[in-house]
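Nothing here was measured: the structure is a model prediction, and the numbers come from that model. Ligands are counted one by one from 1 in listed order, and the atoms in each one are counted from 1 as well.
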Amino acid sequence: MKDEGRNIFSVFDEILQREVKEKLLNQRGLTIWLTGLSGSGKTTIAMALEQLLNKKGFLTQVLDGDNVRTGINSNLGFSEEDRTENIRRIAEINKLFINCGIVTINCFVSPTKDIRAKAKEIIGADDFLEVFINTPIEICEQRDVKGLYAKARKGEIKNFTGIDAPFEVPKTNFIDLKTANCTPLEAATQLKDIVLTKIIKR
Ligand code: ADP
């Protein structure tokens, strides 16, 4: 009787594998990592991309400062240590979504190559698509969506990326998405075509 019980239990002693979930969704899990200056268009492109993928039947999740910094990372500030922990947790969340077969679209400035490398290391290079939202700082500053550049210029915000803190442009293995001369929808469509080649199940 005891042995039978054990046998029945053993059927349930493994978490369902990623492949099973990807088959269910008919897609491959992927992390899309948008990096770029504040106001470069990460959030706008992520939202448009999500809509485009959704229309084609793909399941996605957008992660950005709004749902991460105010939620799971609400106890973190902007010290070096906290920034590293912020990225570590975001990457671990991505891993969970990938194991569920979900396409995760991340919108974080992630200004240094070390920060992006750390995320890539945790998530795994095969599942990590780095996309540089390539918008010149003059344009980001003109847009000044949240009025942050004006504040940074006045010295009201310190260590603002692009003004008094560096942004390290990606050098290898990334998609270069230039936004200066296109609409958000055009940029998102361009990205969607690349993403589709990675998430369609063969
Ligand atoms: P970020 O998330 O990088 O801080 P946002 O997406 O919040 O940037 O803001 C970008 C702003 O730039 C939006 O107001 C958007 O409408 C505008 N914009 C103009 N052209 C583009 C484009 N081609 N791609 C993305 N955003 C664009």
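- Looking at Asp114, its side chain never comes within 3.5 Å of a backbone N or O of Ala117 through a donor-acceptor pair.
- Under the rule for a side-chain contact (heavy atoms from CB on, under 4.5 Å), the partners of Ala46 that lie at least two apart in sequence or sit in another chain are Leu34, Val62, Ile105, Cys107.
- Of all the heavy atoms in Arg88 and Ile122, the pair that sits closest is CG-CD1, 3.7 Å.
- With sequence neighbours left out, the side-chain contact (heavy atoms from CB on, under 4.5 Å) criterion links Ser38 to Leu148, Tyr149, Phe160.
- Shown here is Glu186, whose CD atom has more than 12 heavy atoms of other residues, nucleotides or ligands within 6.0 Å.
- Residues of the protein with a heavy atom under 4.0 Å from ligand 1 are Leu37, Ser38, Gly39, Ser40, Gly41, Lys42, Thr43, Thr44, Ile45, Arg143, Val145, Thr179, Cys182, Thr183, Pro184, listed by chain and number.
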Output a table of donor-acceptor pairs, distance under 3.5 Å, between side-chain atoms of residues 167-176 and any protein atom two or more places apart or on a different chain; print 'none' if there are none.
{"unit_1": "Glu168", "atom_1": "OE1", "unit_2": "Lys113", "atom_2": "N", "d": "2.8"}
{"unit_1": "Asp176", "atom_1": "OD1", "unit_2": "Asn134", "atom_2": "ND2", "d": "2.9"}
{"unit_1": "Asp176", "atom_1": "OD2", "unit_2": "Lys178", "atom_2": "NZ", "d": "2.9"}

